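Structure, as structure tokens:
Chain A is the first sequence line, chain B the second, and so forth, proteins listed ahead of strands; every chain is numbered from 1. Bear in mind the structure is a predicted one, so any value in this text is a computation, not a measurement.
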Amino acid sequence: GDALLPAPQNISIISTNMKHFLTWSPVTIQGETVRYSVEFQGEYEREYANESWIPICECSLITTTMCNMTEDISATVPYNLRVRAETGTRRSEWGTLKGFFNRITTYLTPPLMKIIADGYHLLVELEDMGPAFQFRVLYWRKGQESKMQQKIVKEISSTLHLDTMEAGTEYCVKAQTYVEAINRSSNFSEMQCVRAQG
Amino acid sequence: LANGSKIFHFGPCRISMSMNEIRAGFAAIKANIQGRDPIRTVSILSHPHSLHRIKSSEKCCIIHHLFNFYVDKVFKYCTTEDSYINRKISSIANSFLSIKRNLVQCHNQNMCKCGQESTEKFKQILTNYKGLNVTSAAMKSLGELDILLDWM
């Protein structure tokens with residue numbers, strides 16, 4: 001029969017802010033288009049469904065070397081992930097991600113934040129990072145760090161009103177994200193300060 | 001709560017459940033799954049009485065039993081020919097498994113008291129389930145998931 005294709009190598013998952021992408025090195029065969037198919041296996045499949053694997057149709061017979069797993073990795077349990085190469089009639093063995101992937105390990109970046117002094121009003125605009133994200137905003141009058149105040153933002157709307165500032169005073173703000181599903185927070189953003197009018 | 005996470009307190013036991021992810025997964029397949037259930041006159045969860053009749057003090061017990069029920073007796077018998085449906089079922093099943101693990105901790109810390117009412121109710125659910133063949137019973141139970149989610 002036809003010689004087997006080499007299995008994809010360097011399989012890894014890039015997970016940032018609860019978005020998960022499986023990537024691998026391309027398999028190159030002179031004069032042929034190599035396609036790839038990806039499957040996943042959650043803890044449930046391993047323990048209750050005969051270790052079955054589930055294909056992802058958006059990542060079946062694709063030519064790119066990346067697959068967005070975000071929609072399928074939607075539980076905080078360990079997942080196995082695998083990919084194989086195919087050309088016409090020939091197929092490779094499955095290449096499997098070394099070790100499990102659990103979304104609890106996703107990398108959380110500090111939120112993008114913009115603060116505005118609108119007259120005497122201290123406002124903040126936060127990046128909409130999706131429904132899984134809450135925000136913890138800390139703000140204080142410069143020099144009075146001991147009187148730091150906090151606002152928890154559970155759903156992003158437009159601009160958030162933080163405080164009414166005293167004339168001519170400077171206020172500072174920093175923020176971090178919190179993801180309830182994995183019970184983890186990001187680092188704080190860089191502190192930003194603005195001065196009230198007057 | 002953001003992303004619909006719900007915090008359940010059973011005594012000092014605290015369980016966070018990302019309900020929106022489960023609801024979103026179920027909403028995506030509800031019509032398809034319920035469409036596969038030919039027996040409209042029978043209910044697994046609501047016959048003869050609704051879950052709402054259960055005292056709140058016994059809620060933890062029933063939730064614990066029902067999560068075990070869905071993990072052990074429902075999801076794995078619901079494999080379909082549709083890959084998209086199977087992916088969504090996997091998503092819900094793995095979320096249930098994750099929550100079940102937390103519920104077991106509550107149960108082991110004696111926070112999940114089972115009285116006669118919840119014990120009888122769960123017996124009835126099993127009787128309803130066994131009254132059908134496995135695939136029909138599993139598919140019907142999956143189709144009734146919103147009854148459980150709404151009650152929770």
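- Checked for salt-bridge contact, B:Lys88 and A:Glu71 meet the test: a charged N lies under 4.0 Å from a carboxylate O.
- For B:Lys100, the part lying under 4.5 angstrom from a heavy atom of chain A is the side chain only.
- In A:Asn50, the CG atom is not crowded: 12 or fewer heavy atoms of neighbouring residues, nucleotides or ligands sit closer than 6.0 Å.
- Only the side chain of A:Glu47 comes within contact range of chain B, with heavy atoms under 4.5 Å apart.
- In the hydrophobic cluster analysis, where Ile, Leu, Val, Met, Phe, Trp and Tyr join through side-chain heavy atoms closer than 4.5 angstrom, B:Met139 is grouped together with B:Val134.
- Residue with the most contacts toward chain B among A:Gly130, A:Ser52, A:Ala75: A:Ala75 (heavy-atom pairs, distance under 4.5 Å).
- Between the A:Tyr44 side chain and the B:Lys76 main chain, a donor and an acceptor come within less than 3.5 Å of each other.
- Put simply, of B:Ala24, B:Ser90, B:Ser98, the one with the most heavy-atom pairs under 4.5 Å next to chain A is B:Ser90.
- Taken together through direct or relayed side-chain contacts under 4.5 Å among Ile, Leu, Val, Met, Phe, Trp and Tyr, B:Val104 and B:Phe96 form parts of separate hydrophobic clusters.
- For A:Phe40, the part lying under 4.5 angstrom from a heavy atom of chain B is the side chain only.
- Contact check on B:Glu21 versus A:Arg103 returns a salt bridge, with a Lys/Arg side-chain nitrogen under 4.0 Å from an Asp/Glu carboxylate oxygen.
- Summarising the local packing, CD of A:Glu93 is surrounded by 12 or fewer heavy atoms from other residues, nucleotides or ligands at distances under 6.0 Å.
- Heavy-atom pairs under 4.5 Å with chain A peak, among B:Ile92, B:Asn94, B:Ile22, B:Val71, at B:Asn94.
- Heavy atoms from other residues, nucleotides or ligands lying under 6.0 Å from CD of A:Glu190 number 12 at most.
- The environment of B:Arg40 atom CZ is dense: over 12 non-hydrogen atoms of other residues, nucleotides or ligands sit within 6.0 angstrom.
- Residue B:Gln116 qualifies as open at atom CD: its count of foreign heavy atoms under 6.0 Å is 12 or below.
- Residues B:Met152 and B:Ile99 are members of one and the same hydrophobic cluster, defined by side-chain heavy-atom contacts under 4.5 angstrom among Ile, Leu, Val, Met, Phe, Trp and Tyr.
- A single hydrophobic cluster is seen to contain both B:Ile125 and B:Ile39, as judged by linkage of ILVMFWY side chains at heavy-atom distances under 4.5 Å, directly or through other members.
- The OG atom of B:Ser83 sits 8.0 Å away from the CD atom of A:Glu58 when rounded to the nearest 0.5 Å.
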Using side chain to side chain contact (heavy atoms under 4.5 Å, CB included), reason through B:Arg87 and A:Cys57 one step at a time and then give a plain yes or no.
CA-CA 10 Å; B:Arg87 287 161 69 184; A:Cys57 41; 3.2 Å; yes
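- For B:Tyr77, no part sits under 4.5 Å from any heavy atom of chain A, backbone or side chain.
- One finds the CG atom of B:Leu97 at 5.5 Å from the OH atom of A:Tyr48 (value rounded to the nearest 0.5 Å).
- Ranked by non-hydrogen atom pairs under 4.5 Å with chain B, the options A:Ile56, A:Asn183, A:Ile54 are led by A:Ile56.
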